[in-house]
Amino acid sequence: MEDQVERLRDALEAIRVSDGAFSTELSPSDDSVRTVAWFSRRLGSSGLLVSNGQGHVKVSDDAARWLLSHDDRILAGILHSRVLLFGEILQLLSDNPGITHSQLKENATSKYKLDWKTLDPVRKRVGWLRSLGYVQFSFDKKLSVTETGLEVLALLDIVDPNQVSRTVERPNVPVPDLPVAIGEEMKSFTSEELSERKSAFGYVPRSNVKDIYESIRHLCLLFDPASTKDQFIASCRIDFGVKDTSGMSALYALKSMGLIEQFSMDGYRLTSQAREWIDSDQPWGLIAIVHAHILIVGELIPYLAEVTRVPNLRETVNGAYGTRLSLSEIRSRIHLLVSCSAVEQLAPGQYRATPEGLAILDQLTLLAERDVPVDVPHADDDLSMARNDSLREELIVAATNSQHPERFELAVQQCFETLGFRSEHLGGPGKTDVLVHYADGPGQTRRFIADAKSSASGTVTETMVQFPALKDHTTKHKADFAVLVAPDFSGRIISWAAENNVVLLNVPRLCVLLENQQRNPAPLDEVIAFLGGKKDGWLNLESTWRAQQRTGDLFVEVIDCLRREYEDPDDETGGALTAEQIYFVLRDAVEPRPTQVAIKPLLDFLSSPLAQGTRPAGKGWRLPDPPTLIARRLRTIAARIDAINEAD
């Protein structure tokens with residue numbers, strides 16, 4: 001987040017020296033290749049780009065002035081003039097220092113009469129202000145204005161809340177009524193119950209003449225009156241032309257959605273809520289029922305108040321709720337909302353909530369966002385992630401427990417162990433706190449020292465650190481470098497550390513390092529490069545994490561693409577797809593747009609004896625097993641590799 005301004009500068013510089021054609025490809029900040037059109041869609045209303053109306057854009061005069069002057073106050077002025085409640089965030093934080101994102105949202109919406117239902121608008125604005133260095137986010141999740149931010153605030157024309165003419169008001173449409181039983185169920189939900197909803201949307205067979213709403217209604221009517229599993233599967237085979245396994249998947253999906261229930265060994269019937277929805281013949285009941293049982297359904301609607309593309313929606317929602325919904329899982333939910341008239345499709349891949357969809361929010365109980373977005377995995381990874389979460393929590397608490405400094409030292413030692421190093425807690429007079437060992441080639445070991453400095457105030461200054469002692473410890477342990485870990489740093493310690501070749505690592509960044517190395521681990525030598533103070537070490541780590549995330553996302557999308565084709569094949573493909581066919585399916589669904597060169601190695605890996613996830617079929621590949629079986633094989637291999645370290 002803190003790198004947004006530099007990434008924006010790189011993008012605008014790349015556009016400035018290009019021909020500006022929408023189709024021109026750029027790679028300004030990392031290894032991602034994106035077109036000018038991609039940047040234009042995201043920056044078009046910011047005042048940073050202007051169009052000539054003929055498929056070309058150029059950098060605006062104001063943006064060019066910022067690029068040439070390197071004066072970030074100009075960028076702040078541009079954004080403040082274009083974005084509702086940008087500079088005003090600085091004023092709100094100046095008046096209310098040390099508040100959270102949630103408290104800032106409540107403050108902003110009440111004062112400026114805004115209809116923000118999510119934290120997303122606040123997070124985006126705060127993100128840019130943090131990147132500009134005007135807002136600080138502390139390790140205890142509190143926001144405050146920096147001295148530079150206060151200086152810029154004095155230059156901005158801040159709007160009085162009573163004079164705001166542009167408010168985001170909900171369209172004046174009648175609030176849709178829910179059937180009685182469904183409405184009562186909605187009112188009774190607790191936050192804990194909402195967070196425990198199933199994440200899998202499930203498989204719903206469809207025909208060429210039925211959308212997902214009509215298909216679900218048709219499937220439910222197969223249980224009016226009650227039916228057996230075999231009767232339902234046979235009806236699916238006849239009505240939708242699907243295999244028995246697909247019919248079974250549809251049965252499980254309806255049950256997960258809360259539409260049918262099992263009342264005997266082989267008997268199923270409609271739930272009372274499903275009966276009410278069908279009798280009402282209105283789509284809102286179905287939205288409410290599915291929302292009550294499937295994670296993140298109604299929650300999508302407020303994020304679609306403005307035109308949004310599915311990849312952007314997925315990234316935002318996963319960050320806000322700590323989920324890991326795939327693009328296909330988001331699309332399934334969107335298709336349901338579209339078929340129920342709560343969302344409309346404006347262009348391929350672009351959606352917006354309808355007035356009725358926004359109005360139905362008054363009838364739904366929504367899961368609260370996390371105040372700080374985090375990303376957590378599915379249940380299969382819960383154990384290792386839970387350990388990581390506990391460690392990060394302990395690190396944050398111990399960092400300010402200056403009465404017991406050894407607690408923080410032990411937490412830091414465990415952090416380096418978790419990152420994959422061999423570390424020792426030494427401590428005591430004349431010793432370093434943590435000695436960390438790492439490999440430097442076959443049979444060769446090197447080391448660095450880590451000094452843990454807790455502080456009750458949450459900040460460590462130059463008066464609290466003895467740099468000569470750190471240098472002595474480095475020499476004594478024949479270490480290559482020293483890392484100073486603390487809750488945060490301020491004052492001259494930053495320049496003094498640079499002069500003494502000591503790398504400063506605050507707790508927030510260490511937590512980010514732990515989290516990203518858990519999800520998308522970069523090679524350990526890249527972590528060492530960062531810890532050792534190598535120039536652009538953190539930027540290189542972020543680039544690797546992004547690349548790992550993109551590859552993982554694409555891997556899942558390829559499997560899901562093969563799964564869909566296998567479950568619903570046509571005469572042309574026979575359930576198998578080539579790399580080229582997969583590319584055409586995914587090219588507008590995944591950003592950045594994938595290539596066949598990127599897809600082919602994933603198919604090769606899936607077809608390996610270890611994964612056994614695909615089998616050759618003609619010129620393509622087909623999926624012989626459910627994705628869960630592929631995941632089970634890979635988890636088994638991972639567990640056996642983990643056992644090597646445990647045995648050691």
Side-chain angles (χ1 to χ4, degrees), residues 176-207 210-298 329 332-333 335-337 339-340 360 363-365 367 378-379 567-568 626 628:
D177 288 328
L178 294 178
V180 177
I182 299 173
E184 289 300 319
E185 184 182 26
M186 275 289 96
K187 294 176 184 176
S188 67
F189 269 106
T190 65
S191 298
E192 184 177 358
E193 288 171 331
L194 286 170
S195 65
E196 291 175 350
R197 291 171 294 173
K198 296 179 174 65
S199 60
F201 189 84
Y203 168 72
V204 178
R206 277 176 269 179
S207 67
K210 285 184 172 66
D211 62 20
I212 189 171
Y213 176 83
E214 294 169 332
S215 294
I216 291 176
R217 191 174 188 278
H218 182 110
L219 292 169
C220 285
L221 288 175
L222 296 177
F223 295 98
D224 185 23
S227 179
T228 67
K229 177 177 66 177
D230 291 340
Q231 289 170 337
F232 173 76
I233 291 174
S235 297
C236 285
R237 185 169 60 245
I238 295 169
D239 295 351
F240 292 92
V242 298
K243 296 180 179 179
D244 289 357
T245 53
S246 297
M248 195 66 184
S249 297
L251 179 74
Y252 292 148
L254 295 180
K255 188 176 179 183
S256 296
M257 291 177 184
L259 297 169
I260 63 171
E261 60 187 359
Q262 188 172 2
F263 67 91
S264 68
M265 184 67 71
D266 199 37
Y268 293 83
R269 64 190 174 196
L270 291 175
T271 61
S272 58
Q273 289 86 354
R275 169 66 64 189
E276 271 200 324
W277 155 56
I278 289 175
D279 289 345
S280 72
D281 203 28
Q282 293 293 324
W284 316 115
L286 177 61
I287 291 178
I289 296 171
V290 177
H291 169 74
H293 293 84
I294 303 297
L295 189 66
I296 313 298
V297 176
E329 289 171 323
S332 296
R333 290 159 168 80
H335 291 160
L336 174 65
L337 295 173
S339 68
C340 292
I360 193 65
Q363 301 278 44
L364 304 179
T365 304
L367 180 66
H378 288 303
E567 291 179 349
D568 189 18
T628 52

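- Sorted by first and then second residue, the salt bridge (charged side-chain N to carboxylate O under 4.0 Å, His left out) pairs involving residues 256-274 (not counting sequence neighbours) are Glu261-Arg269.
- Every residue meeting the salt bridge (Lys or Arg N to Asp or Glu O under 4.0 Å) condition with Asp224, not counting sequence neighbours, appears here in chain and number order: Arg275.
- Atoms NE2 and CG, on His291 and Leu367 in that order, are 8.5 Å from each other to the nearest 0.5 Å.
- Here Glu193 pairs with nothing under the salt bridge (Lys or Arg N to Asp or Glu O under 4.0 Å) rule; sequence neighbours left out.
- Leu222 places none of its side-chain heavy atoms less than 4.5 Å from the side chain of Ser227.
- Scanning for side-chain hydrogen bond (donor to acceptor under 3.5 Å, both in side chains) contacts around Ser195 gives an empty result, with sequence neighbours left out.
- Between Ile278 atom CD1 and Phe223 atom CZ the span is 10.5 Å, to the nearest 0.5 Å.
- For Ser246, there are no side-chain hydrogen bond (donor to acceptor under 3.5 Å, both in side chains) partners, not counting sequence neighbours.
- Shown here for Asp211 and Glu214, the closest heavy-atom pair between the two residues is OD1-N, 2.8 Å.
- Rounding to the nearest 0.5 angstrom, the gap separating the OG atom in Ser215 from the NE2 atom in His335 is 12.5 Å.
- Scored by the ring pair (Phe, Tyr, Trp, His ring centres under 6.0 Å) test, Tyr213 finds Trp277 as partners (sequence neighbours excluded).
- Here the side chains of Leu270 and Leu221 are not in contact, with every heavy-atom distance at 4.5 Å or above.
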When the side chains of residues 247-256 are checked against the rest of the protein, which donor-acceptor pairs come out under 3.5 Å, sequence neighbours left out?
| residue | atom | partner | partner atom | Å |
| --- | --- | --- | --- | --- |
| Ser249 | OG | Thr245 | O | 3.1 |
| Lys255 | NZ | Gln262 | OE1 | 3.4 |
| Ser256 | OG | Tyr252 | O | 3.0 |

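- When the ring pair (Phe, Tyr, Trp, His ring centres under 6.0 Å) test is applied to His218, the partners found at least two apart in sequence or on another chain are Phe240.
- To the nearest 0.5 Å, atoms CG (Leu295) and CG (Leu194) are separated by 9.0 Å.
- By the 4.5 Å heavy-atom criterion applied to side chains, Glu276 and Ile289 are not counted as neighbours.
- Between Phe232 and Tyr268, the distance separating the two ring centers is not shorter than 6.0 angstrom.
- Smallest separation of non-hydrogen atoms from Phe263 and Ala226: CE2-CB, 3.7 Å.
- Counting only residues at least two apart or in different chains, salt bridge (charged side-chain N to carboxylate O under 4.0 Å, His left out) contacts with residues 239-254 comprise Arg237-Asp244.
- The heavy-atom pair separating Ile294 from Ala200 by the smallest distance is CD1-O, 3.6 Å.
- Between Ile216 and Leu336, the closest side-chain pair of non-hydrogen atoms falls below 4.5 Å.
- Of all heavy-atom pairs between Pro205 and Val242, the closest is CB-CG1, 4.0 Å.
- Shown here for Gly298 and Leu364, the closest heavy-atom pair between the two residues is CA-CD1, 4.1 Å.
- Remark: Tyr203 engages no residue in a ring pair (Phe, Tyr, Trp, His ring centres under 6.0 Å) (not counting sequence neighbours).
- Residue Trp284 comes nearest to Leu178 through the heavy atom pair O-CD2, 3.5 Å, listed as atom of the first residue, atom of the second, then distance.
- Counting heavy atoms from C-beta outward, Arg206 and Ile212 have side chains that approach closer than 4.5 Å.
- Atom SG of Cys340 and atom CG of Leu286 lie 4.5 Å apart (nearest 0.5 Å).
- In this structure Phe201 satisfies the ring pair (Phe, Tyr, Trp, His ring centres under 6.0 Å) test with no other residue, sequence neighbours excluded.
- Within the model, atoms OG of Ser280 and CD1 of Ile182 stand 6.5 Å from one another, a figure rounded to the nearest 0.5 Å.
- Checked against side-chain contact (heavy atoms from CB on, under 4.5 Å), Glu192 has the following partners two or more places apart in sequence or in another chain: Thr190, Glu196.
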